[in-house]
Amino acid sequence: MVPFRTRLLATEHATTFSLKRSFMKMPSKRRKEILIAATAAFLAIAVALPFVIDYVSVSRRRHVPLPPGNIATPNERSIRWNDESELTRKVLAYWAERPLGDWKSEGKIKAPRTLLARLMLGVDLAATNDYLLSQEPWGNVGSTWPGNPNGDYDFTLAGLIPILYLFGDDPDVLYPQTRDHLVEKLIPIDGGEPLRMVPRTAGLVPDTENHLLMTEGSRYLKNRWLMLHGDSSATYDNIANGLEKWLLGFIEELRSGGLYEFNSIPYEGYTLTALLNLEAFGSTEVQSAARRVLDQLNWNYAVGSLRFRRFPPFRRQYAHASDTSLMGDRHVGLTKPWISLLPERPENLKLNGNQHIAIWACWSPYRLPDRTARWILEKPTDYFIRIGHGADSSPEIYSGGPGYLLSAGGVNRGPRSLIVARPITLCLDDGADDLSGVVHLSGPGKDFRQWNNTGVWRNTAVAAGPVHLPSKWEASAESRLWKVFQREADLCVGVHSQSDLGVVHVVRSENAEQVLDSLDKSNANKETLRSAFQIPNGPRLVYDVDAPKNRWVIQRVNDQIMDRNFDAWPAMSGTTGSPVTPRDDP
């Protein structure tokens with residue numbers, strides 16, 4: 001019998017010959033028309049391809065370092081942290097008690113974490129080793145798409161690397177044959193050539209930063225494990241093969257340009273855990289580089305949250321645009337367990353969700369810098385901070401202090417930006433954990449793609465839509481234009497709301513009537529409020545709530561023209577050390 005491949009080649013040859021013969025039998029004019037059409041189609045594809053690729057890619061177009069700004073990332077560490085807490089023990093128990101499900105369906109997230117927890121707690125070791133020994137890779141690394149339908153295996157790799165490093169030298173926990181199977185079969189990538197592009201896109205679509213960190217971080221750490229355990233092959237030498245140099249360069253891009261997938265739901269959590277792998281197990285240089293990025297991201301979290309509640313703009317995914325939880329971001333899965341390890345920590349810390357991220361805090365040696373930990377717990381002073389995210393992006397803007405946080409909702413920059421603009425929110429120290437429980441404003445309309453919710457200044461917010469109040473809030477003082485709510489003994493919230501304009505102002509005062517009087521005297525004209533707000537005993541803000549999507553809503557403060565081009569804002573700038581909250585003093 002003729003081999004199948006021989007028959008197939010023969011068929012292909014015959015088909016090609018037939019097409020050529022048919023083409024040559026056509027009139028010359030018809031052949032010319034076909035050639036012209038084919039050439040035009042080829043040229044059109046060649047011209048359009050860069051734009052198409054640029055549109056479908058969900059990674060940074062090019063790296064542009066941001067100016068650092070005037071606020072440095074804290075990095076000093078002197079706290080003696082505990083090794084475990086009630087919360088970390090609960091996280092480990094949560095995973096260890098789960099059944100080991102089907103590897104193909106649960107090998108991406110759940111199974112590796114269950115395996116890790118069981119090994120950490122020393123439970124069901126025989127069954128855990130047997131399970132690992134019986135598995136093979138269930139897919140491929142890189143982003144999943146129709147051309148790579150079995151992608152995402154790098155998620156699994158990022159969960160297996162801690163198992164290898166934590167227990168690979170402990171044969172009583174991870175049996176030698178299990179360790180060898182892990183290295184040789186379940187972590188199949190090695191060498192020095194990074195997979196920078198999405199698989200099967202002809203090398204044209206760059207993969208996302210979370211995939212790159214998980215894939216190439218795992219490749220790097222497998223190489224390093226083999227070198228540390230006696231394999232001197234140049235293939236596994238991260239210096240000789242160039243992988244460490246590439247990885248350090250990529251991590252530096254994340255530090256100097258900020259994350260492209262900033263505050264992403266859900267990808268930020270996977271970026272953080274991949275960085276924690278490198279900070280724990282990399283070379284001294286890689287550990288330091290990963291730690292610098294982690295310190296920066298955790299400091300951003302500290303200034304942009306209030307008692308673990310947070311509602312910033314984010315890039316990816318649009319599917320999460322309707323999320324209203326103030327604790328829905330993945331970062332809280334690490335910050336709560338970390339804070340639980342403080343020698344003096346809050347009581348009864350609980351974690352609802354994000355257990356798949358939290359388990360990294362149960363074993364990782366990384367700890368927060370002192371100042372970052374303090375700011376997550378309690379804001380020591382009033383502050384105003386702007387965080388830049390580069391060209392075609394959205395800034396983060398925060399005005400906060402003890403007991404309150406005004407958070408700008410950002411701005412969408414077109415479909416490809418993948419940025420979810422959110423309402424401007426005012427969080428208070430009242431425990432509200434959903435958007436419905438806090439003051440918020442946005443607009444115009446309900447489509448976040450139409451919003452420019454960057455209208456936050458010190459203790460003041462403006463937007464092109466009404467102010468939404470929690471259902472149980474009752475005004476302590478009220479006039480034709482203003483409502484004032486006494487929310488704490490010394491904190492009042494002034495609100496002006498129209499269908500197409502909202503103004504919120506936070507004041508340190510024990511007297512709501514006095515605050516109302518000062519607001520009425522300083523801002524008595526309804527039409528003037530559409531473009532300007534006079535802060536009682538403070539500056540005059542001039543704003544454009546219908547500002548273009550590439551400009552800050554705030555135009556002037558008194559006579560000072562603001563830098564409104566937030567595409568060029570530094571990584572972090574503002575004030576963190578001096579009180580700025582207005583008081584309504586007589």
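Numbering of residues begins at 1 and proceeds along the displayed sequence. As a basis for the values below, the full set of heavy atoms in this structure was taken, side chains included, without hydrogen atoms, waters or symmetry mates. As the structure is a computational prediction, the values presented were derived from the model and not from experiment.
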Chemist: Using every non-hydrogen atom in the two residues, find where Pro149 and Thr144 come nearest and quote the distance to one decimal.
Modeler: O-CG2, 3.6 Å
Chemist: Are Asp392 and Arg315 close enough for a salt bridge, meaning some N to O gap below 4.0 Å?
Modeler: no
Chemist: Using only atom types and a distance under 3.5 Å, with no angle test, would you say the side chain of Thr128 pairs donor to acceptor with the backbone of Asp124?
Modeler: yes
Chemist: Measure across Ser340 and Thr88 and return the closest heavy-atom pair with its distance rounded to 0.1 Å.
Modeler: OG-CG2, 4.1 Å
Chemist: Report the C-alpha distance between Arg219 and Leu195 in whole Å, list the side-chain angles of each, state the deciding distance to 0.1 Å, and finish with yes or no for side chain to side chain contact (heavy atoms under 4.5 Å, CB included).
Modeler: CA-CA 10 Å; Arg219 184 195 309 274; Leu195 184 64; 4.0 Å; yes
Chemist: Please confirm whether Arg422 makes a cation-pi placement over Phe311, using NZ or CZ under 6.0 Å from the six-membered ring centre and within 45° of the ring normal.
Modeler: yes
Chemist: Taking side chain as C-beta onward, heavy atoms only, is Lys108 less than 4.5 Å from Trp138?
Modeler: yes
Chemist: So, taking the atom named CG in Leu278 and the one named OG1 in Thr273, what distance separates them when rounded to the nearest 0.5 Å?
Modeler: 10.0 Å
Chemist: Would the distance check show the side chain of Asn129 and the main-chain N or O of Leu174 forming a donor-acceptor pair, the cut-off being under 3.5 Å?
Modeler: no
Chemist: With a 4.5 Å heavy-atom cut-off, do Ile265 and Arg330 have their side chains touching?
Modeler: yes
Chemist: Within a strict 4.5 Å, meaning less than it, do heavy atoms of the Leu351 and Phe308 side chains meet?
Modeler: no
Chemist: Establish, from distance only, whether the side-chain atoms of His331 and Asn354 form a donor-acceptor pair under 3.5 Å.
Modeler: no
Chemist: Measuring from Asn82:CG to Leu341:CG, what's the distance to the nearest 0.5 Å?
Modeler: 6.5 Å
Chemist: Can Tyr366 and Trp360 be said to form a ring-ring contact (aromatic ring centres under 6.0 Å, His included), step by step?
Modeler: CA-CA 10 Å; Tyr366 176 87; Trp360 261 256; over 10 Å; no
Chemist: Is any side-chain heavy atom of Trp299 closer than 4.5 Å to a side-chain heavy atom of Met572?
Modeler: yes
Chemist: State, without any angle test, whether Asn75 and Asp295 hold a side-chain donor-acceptor pair at a distance under 3.5 Å.
Modeler: no
Chemist: Would you please test Arg89 and Glu86 for salt bridge (charged side-chain N to carboxylate O under 4.0 Å, His left out) and show each step?
Modeler: CA-CA 5 Å; Arg89 288 190 292 271; Glu86 181 182 359; 5.8 Å; no
Chemist: Angle class for the His389/Phe262 ring planes (parallel below 30°, perpendicular above 60°, tilted otherwise)?
Modeler: parallel
Chemist: Charged N to carboxylate O below 4.0 Å: is that the case for Arg98 and Glu106?
Modeler: yes
Chemist: Pair Tyr398, Ile387 - check side chain to side chain contact (heavy atoms under 4.5 Å, CB included), show working.
Modeler: CA-CA 9 Å; Tyr398 301 104; Ile387 298 174; 4.0 Å; yes
Chemist: Search all heavy atoms of Phe314 against all heavy atoms of Asn263 and return the closest pair with its distance.
Modeler: CB-O, 3.1 Å
Chemist: Of all heavy-atom pairs between Ser399 and Phe384, which one has the smallest distance, and what is that distance?
Modeler: CB-CD1, 4.1 Å
Chemist: Would Trp363 and Phe281 satisfy ring-ring contact (aromatic ring centres under 6.0 Å, His included), going step by step from the backbone distance to the final call?
Modeler: CA-CA 12 Å; Trp363 64 260; Phe281 308 125; 5.3 Å; yes
Chemist: Do Arg179 and Leu164 make a side-chain contact, defined as non-hydrogen atoms from C-beta onward lying under 4.5 Å apart?
Modeler: yes
Chemist: Using a strict 4.0 Å threshold on nitrogen-to-oxygen distance, state whether Arg309 and Asp430 make a salt bridge.
Modeler: yes
Chemist: When you measure from the side chain of Asp323 to the backbone N and O of Ser325, does any donor-acceptor pair fall under 3.5 Å?
Modeler: no
Chemist: Output the distance between atom CG (Leu368) and atom CD1 (Ile376), rounded to the nearest 0.5 Å.
Modeler: 5.0 Å
Chemist: So, Thr215 side chain and Leu212 main chain: donor-acceptor pair closer than 3.5 Å or not?
Modeler: no
Chemist: So how far is it from Asn223 CG to Asn238 CG, rounded to the nearest 0.5 Å?
Modeler: 4.5 Å
Chemist: Does Asp170 have more than 12 heavy atoms from other residues, nucleotides or ligands lying within 6.0 Å of its CG?
Modeler: yes
Chemist: Check the pair His211, Glu216 against side chain to side chain contact (heavy atoms under 4.5 Å, CB included), reporting the backbone distance first and the verdict last.
Modeler: CA-CA 8 Å; His211 276 287; Glu216 300 313 322; over 6 Å; no
Chemist: Is it the case that Ser256 and His63 place a side-chain donor and acceptor less than 3.5 Å from each other?
Modeler: yes
Chemist: I need the Arg307 CZ to Leu428 CG distance, nearest 0.5 Å.
Modeler: 12.0 Å
Chemist: Has the side chain of Trp95 got a donor or acceptor atom that lies under 3.5 Å from a matching backbone atom of Gln355?
Modeler: yes
Chemist: Can you sort out the partners of Arg487 under side-chain hydrogen bond (donor to acceptor under 3.5 Å, both in side chains), two or more places apart, ordered by chain and number?
Modeler: none
Chemist: Search all heavy atoms of Ala461 against all heavy atoms of Ile424 and return the closest pair with its distance.
Modeler: CB-CG2, 3.8 Å
Chemist: Examine Arg449 relative to Tyr318 and say whether NZ or CZ is less than 6.0 Å from the centre of the six-membered ring and inside a 45° cone about the ring axis.
Modeler: yes
Chemist: Passes side chain to side chain contact (heavy atoms under 4.5 Å, CB included), Tyr404 versus Asp429? Steps please.
Modeler: CA-CA 6 Å; Tyr404 75 98; Asp429 206 0; over 6 Å; no
Chemist: What I'd like to find out is whether the side chain of Ile161 reaches to under 4.5 Å of the side chain of Tyr220, using heavy atoms alone.
Modeler: no
Chemist: Check for a donor-acceptor pair, side chain of Asp207 on one end and backbone N or O of Ser143 on the other, with a separation under 3.5 Å.
Modeler: yes
Chemist: Taking Met214's backbone N and O only, do any of them form a donor-acceptor pair with Asp154's side chain (distance below 3.5 Å, no angle check)?
Modeler: no
Chemist: Going by an N to O cut-off under 4.0 Å, is there a salt bridge joining Glu261 and Arg316?
Modeler: yes
Chemist: Determine whether a donor-acceptor pair (N or O, by modelled atom type, separation under 3.5 Å) exists between the side chain of His440 and the backbone of Val438.
Modeler: yes
Chemist: Which atom names give the shortest non-hydrogen contact between Tyr301 and Val332, and what distance separates them?
Modeler: OH-CG2, 3.8 Å
Chemist: Does the side chain of Ser283 pick up a donor-acceptor pair with the side chain of Arg224 at under 3.5 Å?
Modeler: no
Chemist: Could you check whether any side-chain heavy atom of Pro266 comes within less than 4.5 Å of a side-chain heavy atom of His320, counting everything from C-beta outward?
Modeler: yes
Chemist: Would you confirm whether Lys222, through its side chain, and Ile187, through its main-chain N or O, come within 3.5 Å as a donor-acceptor pair?
Modeler: yes
Chemist: Taking the ring of Trp375 and the ring of Tyr383, is the distance between their centroids below 6.0 Å?
Modeler: yes
Chemist: Given side chains that start at C-beta, do those of Val411 and Ile419 come closer than 4.5 Å, heavy atoms only?
Modeler: no
Chemist: Is the closest side-chain donor-acceptor distance between Asn300 and Glu396 under 3.5 Å?
Modeler: no
Chemist: Is any NZ, NE, NH1 or NH2 atom of the basic residue among Arg255 and Glu252 found under 4.0 Å from an Asp or Glu carboxylate oxygen of the other?
Modeler: yes
Chemist: Ignoring hydrogens and angles, tell me if any N or O in the side chain of Tyr236 forms a donor-acceptor pair with the backbone of Asn241 under 3.5 Å.
Modeler: no
Chemist: Report yes or no: do Tyr267 and Thr208 form a side-chain donor-acceptor pair below 3.5 Å?
Modeler: no
Chemist: To the nearest 0.5 Å, tell me how far Leu469 CG sits from Ser436 OG.
Modeler: 12.5 Å
